[in-house]
**Q** 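Can you read through this structure? Questions will come right after.
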Amino acid sequence: MSRVYNFSAGPAALPTEVLERARDEMLDWNGSGMSVMEMSHRGKDYMSIAAKAEADLRELMLIPDNYKVLFLQGGASSQFAMVPINLLGDKTTADYLLTGQWSKKAIQEAKRYCDVNIVADTSDSKFTTVPAEADLKFNPDAAYVHYTPNETIVGVEFPYIPDTGDVPLVADMSSTILSSQIDVSKFALIYAGAQKNIGPAGLTIVIIREDLLGKAKDTMPVMLDYKTHADNDSMYNTPPTYSWYLAGLVFERLLKMGGLSSMAGINQKKAEKLYSAIDASGFYSSPVEKNCRSLMNVPFVLANADLDAKFIEEAAKQGLVNLKGHRSVGGMRASIYNAMTEEGIDALISFMSTFENSQS
Ligand SMILES: *Cc1c(COP(=O)(O)O)cnc(C)c1O
């Protein structure tokens, strides 16, 4: 058996140790005689798995007691609607930062429910920058402010957390959650699809401050009301049990590795190595402004774009896969979430250098 270095943006690589553990527990979880997939979500065994996953996530992210953690389905894309449905209350307007493809989609969806006030728009730079903090003028009457701390497609990451005063701050952390320690109390709501840095697809995590629950209108579907899930420990209906279990294995492993401050150090080192290699070469370049380069998604382009296909093909032969950039931007993109090892980064850098030399 050989495993490749998988640079996919999502679904993304999972830690090998986690997959091995899942394999070992596949047919018989802890003497239960069944797979976690086959368990009743209301049974004692599964309840213990679910509770431990939540406790470990709380410990990892230092989530304050006045926040609920929800384990939902529907992907981050469902949150584009659930956020306005649940947070608008009697208000009619919300602030959004437009900094890439994902925030754009969030905005499109929010427009179905409220007036969207675009506080910042970086489309002129083809989304390769983030707005200057001093330029952000929020509307004090907005129901909330929404932004995307890490835009997965172009690889742009905010180097700061916007200060929105008393207006609730909402963040789509799909591609940056668990990559470093953040102060959860600065956010009213954090959401993330699992398939980038948490676990398998099918699970969506929502971390929400309790005072924001219960504001959805009665006409809204109960399944789209956060309160439904908060009141029922995410078991109002059948949750994505196996993805929740695997996410729990990932949380356990991160705790063993020293938690998120330790992961932040590792991620910093990995990204620095890769960006340095890109910057040091005249052959590769990064389209993203230096102050906001993502630690998780590293796009790069070749001076000669005609060589893209060859680069991707040759890389795959060396076991370096899924390096093709998003179809909307082209070039290459290496997604280097927690599960990507430093060894994988070294292998990529070494291949990049070999490829460059073979072309001159
Ligand atoms: C991948 C991604 C999404 C979409 O997630 P789904 O779970 O597929 O809906 C949304 N936002 C960001 C920042 C992403 O990276």
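Computation of the quantities below employed the complete heavy-atom set of this structure, encompassing side-chain atoms and omitting hydrogens, waters and symmetry-equivalent molecules. Numbering of ligands and ligand atoms starts at 1, following listing order.
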**Q** Below 4.0 angstrom from a heavy atom of Thr148, which ligand 1 atoms are there? Numbered from 1 as shown, please.
**A** 13 (C)
**Q** With a 4.5 Å cut-off on side-chain heavy atoms, are Ser328 and Gln101 touching?
**A**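 Side-chain contact under 4.5 Å: yes.
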**Q** Is the shortest side-chain N to carboxylate O distance from Arg293 to Glu289 below 4.0 Å?
**A**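 No, no charged N to carboxylate O under 4.0 Å.
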**Q** So do the side chains of Met332 and Asp308 get within less than 4.5 Å of each other, counting heavy atoms only?
**A** yes
**Q** At a 4.0 Å cut-off, with the gap strictly under it, does some heavy atom of Gln195 reach an atom of ligand 1?
**A**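 Judged by the 4.0 Å heavy-atom criterion, Gln195 does count as contacting ligand 1.
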**Q** Can you pull out the closest protein heavy atom to atom 11 (N) of ligand 1? Residue, atom name and distance to 0.1 Å, please.
**A** Asp172 OD2, 2.6 Å
**Q** State, without any angle test, whether Gln181 and Ser261 hold a side-chain donor-acceptor pair at a distance under 3.5 Å.
**A**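 No donor-acceptor contact under 3.5 Å links the two side chains.
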**Q** Quick one: ring pair (Phe, Tyr, Trp, His ring centres under 6.0 Å) partners of Phe80, sequence neighbours excluded?
**A** none
**Q** Hey, is Glu314 close enough to Lys310 for a salt bridge, meaning N to O under 4.0 Å?
**A**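 Salt bridge: no.
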**Q** Relative to the heavy atoms of Lys196, which atoms of ligand 1 are at a distance of less than 4.0 Å?
**A**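 Here the atoms of ligand 1 in question are 1 (C), 2 (C), 3 (C), 14 (C), 15 (O).
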**Q** At less than 4.0 angstrom from any non-hydrogen atom of Gly75, what atoms of ligand 1 do you find?
**A** 7 (O), 9 (O)
**Q** Using a 4.0 Å cut-off to any heavy atom of Ala76, which atoms of ligand 1 qualify?
**A** 3 (C), 4 (C), 5 (O), 6 (P), 7 (O), 9 (O), 10 (C)
**Q** Please identify which atoms of ligand 1 are closer than 4.0 Å to at least one heavy atom of Thr152.
**A** 12 (C), 13 (C), 14 (C), 15 (O)
**Q** Should Asp346 and Lys270 count as an ion pair when the cut-off is N to O under 4.0 Å?
**A**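 No, this pair does not count.
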**Q** How does Met173 reach ligand 1, by side chain, by backbone, by both or by neither, if only non-hydrogen atoms under 4.0 Å count?
**A** neither
**Q** For Thr204, which part has a heavy atom under 4.0 Å from ligand 1: side chain, backbone, both, or neither?
**A**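 No part of Thr204 is near ligand 1 at this cut-off.
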**Q** Quick one: nearest non-hydrogen protein atom to atom 9 (O) of ligand 1, plus distance?
**A**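 Checking every protein heavy atom, the shortest distance to atom 9 (O) of ligand 1 gives Ser77 OG, 2.6 Å.
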